[in-house]
Amino acid sequence: FTPNTFITVEATGTLIGVANVPSSAQTKVSGAFLYKDNAGTATIGTDLKIYFTCDGGSNWTEAASYTAVTPTFSTGIKMLKLGETTCTSGSDIRYKAVWANQASGSKETQVYGMAIDW
(Lines give C-alpha, C1' and ligand atoms only; values in the text may rest on other atoms or scores of the structure.)
Protein backbone atom coordinates (compact mmCIF):
# COMPACT_ATOMS: atom_id res chain seq x y z
CA PHE A 1 0.00 0.00 0.00
CA THR A 2 1.32 3.42 -1.00
CA PRO A 3 -0.56 6.42 0.43
CA ASN A 4 -1.41 9.41 -1.73
CA THR A 5 1.34 11.98 -2.09
CA PHE A 6 0.68 15.27 -0.31
CA ILE A 7 1.60 18.31 -2.36
CA THR A 8 2.74 21.36 -0.42
CA VAL A 9 1.28 24.62 -1.73
CA GLU A 10 3.39 27.75 -1.36
CA ALA A 11 1.93 30.70 0.55
CA THR A 12 2.83 33.12 -2.25
CA GLY A 13 2.98 33.03 -6.03
CA THR A 14 2.99 35.10 -9.19
CA LEU A 15 1.34 34.69 -12.59
CA ILE A 16 2.34 36.93 -15.52
CA GLY A 17 0.25 37.09 -18.69
CA VAL A 18 1.70 37.06 -22.19
CA ALA A 19 2.27 40.20 -24.28
CA ASN A 20 -0.69 42.03 -25.80
CA VAL A 21 0.50 44.36 -28.54
CA PRO A 22 -1.70 47.40 -29.29
CA SER A 23 -1.32 49.35 -32.55
CA SER A 24 0.13 52.34 -30.65
CA ALA A 25 1.71 53.09 -27.28
CA GLN A 26 -0.75 53.08 -24.36
CA THR A 27 -0.79 54.64 -20.89
CA LYS A 28 -4.18 53.42 -19.58
CA VAL A 29 -5.40 49.90 -18.98
CA SER A 30 -8.34 48.31 -17.14
CA GLY A 31 -10.00 44.94 -17.08
CA ALA A 32 -11.92 42.27 -15.23
CA PHE A 33 -11.02 39.00 -13.61
CA LEU A 34 -12.73 35.90 -12.30
CA TYR A 35 -11.64 34.21 -9.10
CA LYS A 36 -12.83 31.69 -6.55
CA ASP A 37 -12.20 31.32 -2.83
CA ASN A 38 -11.41 27.61 -2.87
CA ALA A 39 -10.78 27.70 0.88
CA GLY A 40 -11.25 30.62 3.25
CA THR A 41 -11.99 34.11 1.98
CA ALA A 42 -9.35 36.23 0.28
CA THR A 43 -9.08 39.95 0.75
CA ILE A 44 -8.55 41.26 -2.78
CA GLY A 45 -5.84 43.89 -2.74
CA THR A 46 -4.07 42.05 0.11
CA ASP A 47 -4.19 38.28 -0.43
CA LEU A 48 -4.46 38.63 -4.21
CA LYS A 49 -3.36 41.72 -6.13
CA ILE A 50 -3.55 42.44 -9.84
CA TYR A 51 -0.93 44.61 -11.57
CA PHE A 52 -0.66 46.06 -15.08
CA THR A 53 2.26 47.12 -17.25
CA CYS A 54 2.19 48.89 -20.61
CA ASP A 55 5.93 48.58 -21.26
CA GLY A 56 6.48 44.83 -21.10
CA GLY A 57 7.18 44.57 -17.39
CA SER A 58 9.72 47.27 -16.62
CA ASN A 59 7.14 49.10 -14.51
CA TRP A 60 4.20 47.38 -12.77
CA THR A 61 1.25 49.32 -11.32
CA GLU A 62 -1.42 47.78 -9.09
CA ALA A 63 -4.97 48.05 -10.44
CA ALA A 64 -6.44 51.40 -9.42
CA SER A 65 -9.50 49.71 -7.88
CA TYR A 66 -11.31 46.39 -7.47
CA THR A 67 -15.10 46.53 -7.84
CA ALA A 68 -17.24 43.45 -7.22
CA VAL A 69 -19.77 42.57 -9.89
CA THR A 70 -22.94 40.88 -8.67
CA PRO A 71 -24.37 38.36 -9.00
CA THR A 72 -21.48 35.90 -9.12
CA PHE A 73 -20.27 34.80 -12.56
CA SER A 74 -20.96 31.14 -11.85
CA THR A 75 -21.34 28.97 -8.75
CA GLY A 76 -18.65 30.23 -6.39
CA ILE A 77 -16.82 32.16 -9.11
CA LYS A 78 -16.73 35.90 -8.48
CA MET A 79 -16.05 38.70 -10.94
CA LEU A 80 -14.26 41.98 -10.25
CA LYS A 81 -13.86 45.04 -12.45
CA LEU A 82 -10.35 46.46 -12.39
CA GLY A 83 -10.34 50.27 -12.41
CA GLU A 84 -8.60 52.29 -15.10
CA THR A 85 -4.92 52.29 -14.22
CA THR A 86 -2.24 54.64 -15.52
CA CYS A 87 0.98 52.94 -16.54
CA THR A 88 4.29 53.91 -18.14
CA SER A 89 3.77 54.36 -21.89
CA GLY A 90 4.48 51.32 -24.01
CA SER A 91 3.24 48.82 -26.60
CA ASP A 92 3.54 45.59 -24.59
CA ILE A 93 0.57 45.34 -22.22
CA ARG A 94 0.56 42.57 -19.61
CA TYR A 95 -1.11 41.70 -16.32
CA LYS A 96 0.32 40.07 -13.22
CA ALA A 97 -1.51 38.32 -10.38
CA VAL A 98 0.34 38.12 -7.07
CA TRP A 99 -0.80 35.86 -4.24
CA ALA A 100 0.11 36.29 -0.58
CA ASN A 101 -1.05 34.70 2.68
CA GLN A 102 -2.21 31.48 1.03
CA ALA A 103 -2.31 28.28 3.08
CA SER A 104 -3.42 24.85 1.93
CA GLY A 105 -6.90 24.12 3.28
CA SER A 106 -7.45 27.49 4.99
CA LYS A 107 -6.94 30.18 2.31
CA GLU A 108 -6.72 29.13 -1.31
CA THR A 109 -7.60 31.69 -3.97
CA GLN A 110 -7.91 30.55 -7.58
CA VAL A 111 -7.92 32.78 -10.67
CA TYR A 112 -10.29 31.56 -13.39
CA GLY A 113 -9.97 34.23 -16.05
CA MET A 114 -8.60 37.63 -16.93
CA ALA A 115 -9.59 40.26 -19.48
CA ILE A 116 -7.74 43.48 -20.13
CA ASP A 117 -8.79 46.58 -22.02
CA TRP A 118 -6.84 49.57 -23.28
Side-chain angles (χ1 to χ4, degrees):
F1 171 78
T2 303
N4 292 334
T5 303
F6 180 78
I7 298 172
T8 302
V9 178
E10 296 295 323
T12 62
T14 302
L15 163 79
I16 298 177
V18 297
N20 295 276
V21 183
S23 58
S24 62
Q26 301 295 312
T27 59
K28 305 274 186 188
V29 64
S30 61
F33 83 102
L34 304 173
Y35 76 99
K36 179 179 180 182
D37 289 314
N38 191 54
T41 302
T43 300
I44 304 300
T46 300
D47 301 320
L48 176 60
K49 295 181 180 184
I50 305 297
Y51 294 85
F52 294 115
T53 183
C54 293
D55 67 357
S58 297
N59 298 287
W60 291 97
T61 304
E62 185 177 0
S65 61
Y66 304 96
T67 304
V69 177
T70 54
T72 58
F73 181 76
S74 180
T75 305
I77 300 175
K78 303 170 187 177
M79 182 171 19
L80 290 177
K81 289 178 13 181
L82 303 169
E84 184 178 79
T85 305
T86 301
C87 53
T88 302
S89 183
S91 294
D92 182 349
I93 298 173
R94 299 173 191 233
Y95 66 86
K96 175 170 71 171
V98 178
W99 286 264
N101 309 315
Q102 304 291 300
S104 181
S106 62
K107 188 178 288 183
E108 299 171 17
T109 311
Q110 302 170 336
V111 171
Y112 276 70
M114 174 69 79
I116 55 177
D117 184 34
W118 61 86

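This one's a predicted model, so the numbers in the text were calculated from it and none came from an experiment.
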Grouping I, L, V, M, F, W and Y whenever their side-chain heavy atoms are under 4.5 Å apart, do Ile44 and Val69 come out in a common cluster?
no

Please step through side chain to side chain contact (heavy atoms under 4.5 Å, CB included) for the pair Tyr95 and Ile93, ending with a clear verdict.
CA-CA 7 Å; Tyr95 66 86; Ile93 298 173; over 6 Å; no

Are a donor atom and an acceptor atom from the side chains of Lys28 and Thr85 found within less than 3.5 Å of each other?
no

Here the gap from Thr41 atom OG1 to Asn38 atom CG, rounded to the nearest 0.5 Å, amounts to 11.5 Å

Would you say Phe52 and Leu34 are hydrophobically clustered, going by side-chain heavy atoms of ILVMFWY under 4.5 Å?
no

Please determine whether side chain to side chain contact (heavy atoms under 4.5 Å, CB included) holds for the pair Asp47 and Gln102, giving the CA-CA distance in whole Å, both sets of side-chain angles, and the decisive distance to 0.1 Å.
CA-CA 7 Å; Asp47 301 320; Gln102 304 291 300; 4.0 Å; yes

For the SG atom of Cys87 and the CH2 atom of Trp118, what is their distance to the nearest 0.5 Å?
11.0 Å

According to a hydrophobic-cluster definition based on side-chain heavy atoms being under 4.5 Å apart (Ile, Leu, Val, Met, Phe, Trp, Tyr only), do Ile77 and Ile50 belong together?
no

Given 3.5 Å as the limit, does a donor-acceptor pair link the side chain of Tyr35 with the main chain of Gly113, or not?
no

Quick one: does Trp99's side chain have a donor or acceptor within less than 3.5 Å of a partner on Thr109's backbone?
yes

Are Leu48 and Leu80 grouped together when hydrophobic residues (ILVMFWY) are joined by side-chain heavy atoms under 4.5 angstrom apart?
yes

Where do Trp60 and Lys96 come nearest, in terms of heavy atoms and distance?
CZ3-CB, 3.4 Å

Same cluster (ILVMFWY, side-chain, under 4.5 Å), Val111 and Val29
yes

Apply side chain to side chain contact (heavy atoms under 4.5 Å, CB included) to Met114 and Leu82, showing your working.
CA-CA 10 Å; Met114 174 69 79; Leu82 303 169; 4.0 Å; yes

Yes or no on side chain to side chain contact (heavy atoms under 4.5 Å, CB included) for Tyr66 and Lys49, after CA distance, side-chain angles and deciding distance?
CA-CA 9 Å; Tyr66 304 96; Lys49 295 181 180 184; 3.8 Å; yes

So that I can tick it off, tell me whether Asp37 and Lys78 are bridged by a salt bridge, with the cut-off set at under 4.0 angstrom between side-chain N and carboxylate O.
yes

Please report the closest heavy-atom contact between Ala19 and Arg94, naming both atoms and the distance.
CB-NH2, 3.6 Å

Over 12 foreign heavy atoms within 6.0 Å of CZ, Phe73:
no

Show every side chain to side chain donor-acceptor pair (under 3.5 Å) that has at least one partner inside residues 13-24, sequence neighbours left out.
Ser24-Gln26

Return the set of residues passing side-chain contact (heavy atoms from CB on, under 4.5 Å) with Thr46 (not counting sequence neighbours), or none when no residue passes.
Thr43, Asn101

Report the residues that fulfil side chain to side chain donor-acceptor pair (under 3.5 Å) with Lys81, sequence neighbours left out, ordered by chain and then residue number.
none

Just how far is it from atom CE of Met79 to atom OG of Ser74, taken to the nearest 0.5 Å?
10.5 Å

Minimum heavy-atom distance between Glu62 and Gly45, given as atom pair plus value
OE2-CA, 3.9 Å

Over all heavy atoms of both residues, which pair between Ala25 and Ser89 is shortest? Give the atoms and the distance, please.
CB-OG, 3.5 Å

When you measure from the side chain of Thr53 to the backbone N and O of Asn59, does any donor-acceptor pair fall under 3.5 Å?
yes

